[in-house]
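Working notes, structure below.
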Amino acid sequence: MAKQRMLQFVNVERDMPDKRPPDLRAHDFNEIYAEYATEKAAEQAGRCSQCGVPYCQSHCPLHNNIPDWLRMTAEGRLQEAYELAQATNTFPEICGRICPQDRLCEGNCVIEQSGHGTVTIGSVEKYITDTAWENGWVKPAAPSQERPERVGIIGAGPGGLAAADMLRRQGVQVTVYDRYDRAGGLLTYGIPGFKLEKDVVMKRIDQLEQGGVTFKMNCNVGEDITFAELQKTHHAILIATGVYKSRELPAPGVGAQGIVRAIDFLTASNRKSFGDSVPEFDSGELNAEGKRVVVIGGGDTAMDCLRTSIRQGATSVKCLYRRDKANMPGSQREVANAEEEGVEFVWLSAPKGFAGDSVEGVMVSKMRLGAPDASGRQSPEIIEGADYVEDADLVIMALGFEPEALPTLWDVPELEVTRWGTVKADFQTHETSLPGVYACGDIQRGASLVVWAIRDGREAAEAIMDQINAEAQVAAE
Ligand SMILES: Cc1cc2nc3c(=O)[nH]c(=O)nc-3n(C[C@H](O)[C@H](O)[C@H](O)COP(=O)(O)OP(=O)(O)OC[C@H]3O[C@@H](n4cnc5c(N)ncnc54)[C@H](O)[C@@H]3O)c2cc1C
Ligand code: SF4
């Protein structure tokens with residue numbers, strides 16, 4: 001890559017973070033970053049005005065002490081910056097890569113709001129922690145004493161892992177149960193590798209193992225082991241199972257070959273990147289190469305499917321969304337990335353059915369935005385007589401996720417759920433309707449973000465420690 005091109009990126013990222021040149025892709029970022037890291041991180045960190053009203057910090061779900069670690073980075077005190085960053089965040093290098101910063105810390109940077117372009121907080125957080133790994137500052141848990149209490153965590157996603165880390169550091173015996181073969185949850189099998197490199201996730205899991213966390217993989221709770229058995233053998237249980245039931249579209253022809261679910265498509269792609277044998281990918285069923293791809297949905301999962309399809313060599317990639325760009329639920333930064341990479345957004349378009357036994361096209365109704373509904377959002381209305389067919393060989397449904405029915409699947413009817421099916425739990429302690437059973441992450445709050453799962457996992461670990469300390473105290477009296 002030419003030096004000129006790298007410099008161009010550096011300046012663009014600093015001055016216009018949302019306007020990368022179209023020929024630069026996300027995976028170029030690390031390559032560029034490696035060369036300019038120290039100088040650029042210090043330069044970016046030095047742009048923080050230390051404004052005294054750290055909206056960035058209050059809009060970070062972990063309340064990271066951003067101004068202080070930016071100041072330390074600007075002063076070259078990287079190890080101290082790392083210590084401070086990791087004090088509030090279990091996986092800072094992961095959040096630095098994949099938080100939607102434009103909606104969180106960076107979107108609320110005072111410099112951004114004064115029109116001068118945000119301090120690239122996420123990139124600096126990533127840089128500090130990548131440097132910490134390179135220098136051996138990131139250490140596995142080494143509790144000063146072992147405790148006898150056992151905690152079982154169901155789900156090895158960011159929520160479960162954040163809790164496992166905190167509990168293990170206090171000497172608790174932690175076992176994480178997961179139905180997949182690899183830990184990481186959606187970090188491993190959902191989020192594409194061009195946004196979050198898989199070795200970054202695997203390194204964390206290795207370190208948790210080195211610190212004494214036990215992983216029981218390929219263990220589907222409710223099938224391979226009952227919830228009741230887990231309750232009997234652990235002092236506390238944390239449910240961190242995420243949400244995996246894909247929302248369906250009840251439309252004619254939806255069962256046709258070539259119409260697939262986003263999670264299956266992304267999992268196949270991620271498995272391939274691990275070198276696994278994936279027959280559905282090799283057969284073409286879950287592979288966009290050489291196809292006209294239509295993705296239905298407007299959230300971040302849809303953006304990941306679009307950008308993965310481009311990388312797999314689709315001949316065309318379109319996104320159908322029933323509202324307009326201003327009303328997309330996904331991050332505007334992700335939309336801009338997808339547009340730069342060649343995705344065509346077909347706004348105000350809703351699928352009404354599918355043509356062909358093996359899909360040949362999506363029957364589309366054109367929409368307009370009508371009067372605002374009770375939530376204040378304009379409702380899409382069909383424009384009569386404007387239907388058309390969008391040609392497609394592969395249709396990827398990215399309409400969101402819902403929780404599985406855990407009380408039924410696990411034969412535990414006393415576990416209360418909300419009307420959306422998420423596990424009902426206190427938002428501070430994360431304790432559910434069952435004493436000693438906690439919940440965190442997406443299964444508690446519905447499909448959300450990694451950073452919120454980490455926060456929940458850390459809070460749940462604190463509450464579990466309070467419980468087991470109180471029990472130990474009673475036993476000692
Ligand atoms: C495609 C996609 C892209 C995303 N991109 C981003 C992004 O860029 N940035 C961001 O912040 N967020 C993103 N998210 C959201 C984010 O990944 C989730 O909010 C986060 O992973 C939730 O963490 P969790 O620990 O609650 O659950 P998960 O990460 O879903 O992990 C749950 C784990 O529980 C296991 N499990 C479930 N049921 C059982 C059972 N019965 N027995 C044993 N194990 C079980 C699963 O196998 C899984 O490993 C994305 C989500 C998707 C789907
Ligand atoms: S954790 Fe996310 S929101 Fe918080 S500072 Fe880091 S990138 Fe920003």
Side-chain angles (χ1 to χ4, degrees), residues 56-57 59-66 69-70 85 88-109 120-126 128-129 153-163 176-192 195-196 216-225 227 230 238-244 246 262-263 265-267 269-270 299-305 308 330-331 333-334 398 400-401 403-404 406 409-410 439-457:
C56 56
Q57 183 168 3
H59 286 82
C60 163
L62 294 162
H63 300 310
N64 282 342
N65 190 343
I66 300 164
W69 50 249
L70 285 176
T88 48
N89 189 353
T90 316
F91 307 124
E93 74 284 25
I94 294 178
C95 292
R97 282 170 167 86
I98 56 155
C99 271
Q101 287 101 4
D102 54 340
R103 286 185 276 169
L104 301 171
C105 53
E106 293 179 12
N108 291 280
C109 168
T120 56
I121 297 166
S123 300
V124 176
E125 189 178 25
K126 163 187 179 295
I128 296 169
T129 320
I153 297 179
I154 313 173
L161 295 181
V176 181
Y177 300 84
D178 200 292
R179 62 186 174 193
Y180 281 151
D181 54 345
R182 290 187 182 89
L186 290 170
L187 301 177
T188 298
Y189 285 134
I191 301 172
K195 276 169 63 182
L196 176 60
K216 291 233 185 313
M217 304 310 295
N218 298 307
C219 179
N220 190 349
V221 174
E223 274 183 21
D224 301 311
I225 190 166
F227 186 75
L230 291 184
L238 175 62
I239 304 173
T241 50
V243 289
Y244 282 86
S246 300
I263 192 70
F265 176 72
L266 293 171
T267 304
S269 175
N270 278 317
D300 289 341
T301 301
M303 299 306 118
D304 287 346
C305 293
T308 300
S331 155
R333 193 179 280 189
E334 280 296 290
F401 300 98
E404 291 156 286
L406 295 187
L409 286 173
W410 291 355
C440 74
D442 284 3
I443 192 59
Q444 182 189 8
R445 54 173 76 240
S448 178
L449 293 174
V450 168
V451 66
W452 282 109
I454 295 172
R455 171 170 160 168
D456 290 350

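Counting starts at 1 for both ligands and their atoms, following the listed order.
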Within-cut-off N or O pair, P100 and ligand 1, under 3.5 Å | no
Return yes or no for this condition: an N or O of L186 is under 3.5 Å from an N or O of ligand 1.
-> yes
Protein residue, atom and distance nearest to atom 44 (N) of ligand 1, heavy-atom basis = R179 N, 3.1 Å
Measure the spacing between CG of L238 and CD1 of I443 and express it to the nearest 0.5 Å.
-> 11.5 Å
Inter-residue atom distance L70.CG - Q57.CD, 0.5 Å rounding = 10.5 Å
Salt bridge between R103 and D300, side-chain N to carboxylate O under 4.0 Å?
-> yes
Listed protein N/O/S atoms, distance to atom 8 (Fe) of ligand 2 under 2.8 Å = C105 SG
For ligand 1, is D300 a contact, meaning one of its heavy atoms is under 4.0 Å away?
-> no
Contact check, Y189 vs ligand 1, heavy-atom distance below 4.0 Å | no
Closest to atom 6 (C) of ligand 1 (judged by heavy-atom distance), picking from I153, T301, I191 | I191
Among I121, L62, N64, which one satisfies side-chain contact (heavy atoms from CB on, under 4.5 Å) with C105?
-> I121
Distance to 0.1 Å, residue and atom name: give those for the protein heavy atom nearest to atom 47 (O) of ligand 1.
-> D178 OD1, 2.8 Å
Should you measure from each heavy atom of A240, which atoms of ligand 1 turn up under 4.0 Å away?
-> 32 (C), 33 (C), 34 (O)
Proximal atoms of ligand 1 relative to L266 (non-hydrogen, under 4.0 Å) | 1 (C)
Kindly confirm or rule out an N or O of V221 lying under 3.5 angstrom from an N or O of ligand 1.
-> yes
Kindly identify the option in A156, P61, P158, G185 whose heavy atom sits closest to atom 24 (P) of ligand 1.
-> P158
Partners meeting ring pair (Phe, Tyr, Trp, His ring centres under 6.0 Å) with F91 (sequence neighbours left out) = none
Quick one: look up the protein heavy atom nearest atom 9 (N) of ligand 1 and list residue, atom name and how far away it is.
-> I98 O, 2.8 Å
With backbone taken as N, CA, C and O and side chain as the heavy atoms from C-beta onward, which portion of W452 lies under 4.0 Å from ligand 1: side chain, backbone, both, or neither?
-> neither
Name the closest protein heavy atom to atom 34 (O) of ligand 1, giving the residue it belongs to and the distance to 0.1 Å.
-> G155 CA, 3.2 Å
Please state which protein non-hydrogen atom is closest to atom 11 (O) of ligand 1 and give its distance, to 0.1 Å?
-> V450 N, 3.0 Å
Contact between A447 and ligand 1, counting heavy atoms under 4.0 Å?
-> no
Atom 31 (O) of ligand 1 sits nearest the protein heavy atom G157 CA, 3.4 Å
Residue and atom name of the nearest protein heavy atom (relative to atom 40 (C) of ligand 1), distance in Å to one decimal = N220 OD1, 3.5 Å
Result for side-chain contact (heavy atoms from CB on, under 4.5 Å) between Q101 and one of H59, E125, E106 points to E106
In the protein, which heavy atom is nearest to atom 25 (O) of ligand 1, and how far is it?
-> G159 N, 2.9 Å
